[in-house]
Amino acid sequence: MTTAIIGVGNIGGALAQHLVGGGESVVLAAKDKSRPEALAQELGPLARAASVEDAIADADVVVFAVWLDTIKELMARDAGLLDGKVVVDPSNPLGFDKSGQMIRTLPEEQSSGSVVAALLPAGAHYVKAFGTLAADALATAANREPQSAVLFYATDDDTAATTIERLIHAAGFEPLKAGGVADAGRIEMPGGDLHQAGLNGALLDLDEARAAVAAEGSALPGTTR
């Protein structure tokens, strides 16, 4: 199985390193082609760089490790290439205002997961994952001992669930399903009770994470309670 990672910033770069460390093949792509080329060379024979279109076409799984607005732009151009593929969405509904302050870019009741899922072709297998931790925690918390840190995911698709559990394990974390796409807001920020920011920075083990998923919590963007 080959995983394309579109975007090799803090999230995409850390994920590429973890997946290669777990024995997975990755193909890296970004607008600035020099960055994926340099990272692929650093990571060795399990990694290579390609254009965005070629990376998507050659992969079984596609991770869009870019801002939500960039995902929308890529979907407008490349959605047809995603038919039959597992699409992994780490995005959060965040952006910056004119003064540089981070702001929410979607209405409170709408998750970025619901937006991205609606843009995909019917044959794509959507899963929300790899965006539930801050970038520094994602980079440093892999293969934690004695108990692995949990990464939540949300999907309504069995193929996507099986695939993301394999990749989360390969990346050095413990997977746990938070629900379907309707629950994606629980694992996004701002506002998600299962995002690390909503957990006051905590990294949860599996028992703690199961208890958190079962907790009532307040109404959240994209959440059905």
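Counting from 1, the numbers follow the sequence of the chain as shown. Below, each value reflects all heavy atoms present in this structure, side chains not excepted, and no hydrogens, waters or symmetry copies.
In this structure, CG in D97 is found 5.0 Å from CD1 in I103, a value given to the nearest 0.5 Å.
Legend: ring pair (Phe, Tyr, Trp, His ring centres under 6.0 Å) pairs involving residues 23-43, not counting sequence neighbours: none detected. Within the structure, the side-chain hydrogen bond (donor to acceptor under 3.5 Å, both in side chains) test picks out the following pairs touching residues 122-135 (sequence neighbours left out): D89-Y126, D89-K128, S91-K128, S112-K128, H125-D157, K128-E188. Among residues at least two apart or in separate chains, there is no salt bridge (charged side-chain N to carboxylate O under 4.0 Å, His left out) pair with a member in residues 139-151. Pairs engaging residues 165-177 under the salt bridge (charged side-chain N to carboxylate O under 4.0 Å, His left out) rule: E24-R166 [sequence neighbours left out]. Screening residues 39-65 for salt bridge (charged side-chain N to carboxylate O under 4.0 Å, His left out) gives R48-D58, E53-R77 as the qualifying pairs, with residues at least two apart or on separate chains.
Using a 4.5 Å heavy-atom threshold, the side chains of V61 and T2 count as separate. Looking at heavy atoms from C-beta onward, M75 lies in side-chain contact with L82 at the 4.5 angstrom threshold. Contact check for Q196 versus L203: side-chain heavy atoms found under the 4.5 Å cut-off.
Every residue was checked against the side chain to side chain donor-acceptor pair (under 3.5 Å) condition with D136, not counting sequence neighbours, and none meets it. In this structure, the side chain to side chain contact (heavy atoms under 4.5 Å, CB included) partners of A139, at least two apart in sequence or on a different chain, are A14. Applying the side chain to side chain contact (heavy atoms under 4.5 Å, CB included) criterion to D207, with sequence neighbours excluded, gives D205, R210. Taking S34 as the reference, D32 meet the side chain to side chain contact (heavy atoms under 4.5 Å, CB included) condition, with sequence neighbours excluded. Under the side chain to side chain contact (heavy atoms under 4.5 Å, CB included) criterion, A57 pairs with no residue at all, not counting sequence neighbours.
Cluster partners of L94, by chain and number: W67, F96, M102, M189. The rule joins Ile, Leu, Val, Met, Phe, Trp and Tyr whenever side-chain heavy atoms lie under 4.5 Å apart.
Within 6.0 Å of NZ on K31 lie no more than 12 heavy atoms contributed by other residues, nucleotides or ligands.
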Check: residues 4-13 side-chain donor-acceptor pairs under 3.5 Å, at least two apart:
none

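Closest approach of T155 and A160 over heavy atoms only: OG1-CB, 3.7 Å.
Checking each of V127, V88, V86 against V63 for a side-chain contact (heavy atoms from CB on, under 4.5 Å) leaves exactly one that passes, namely V88.
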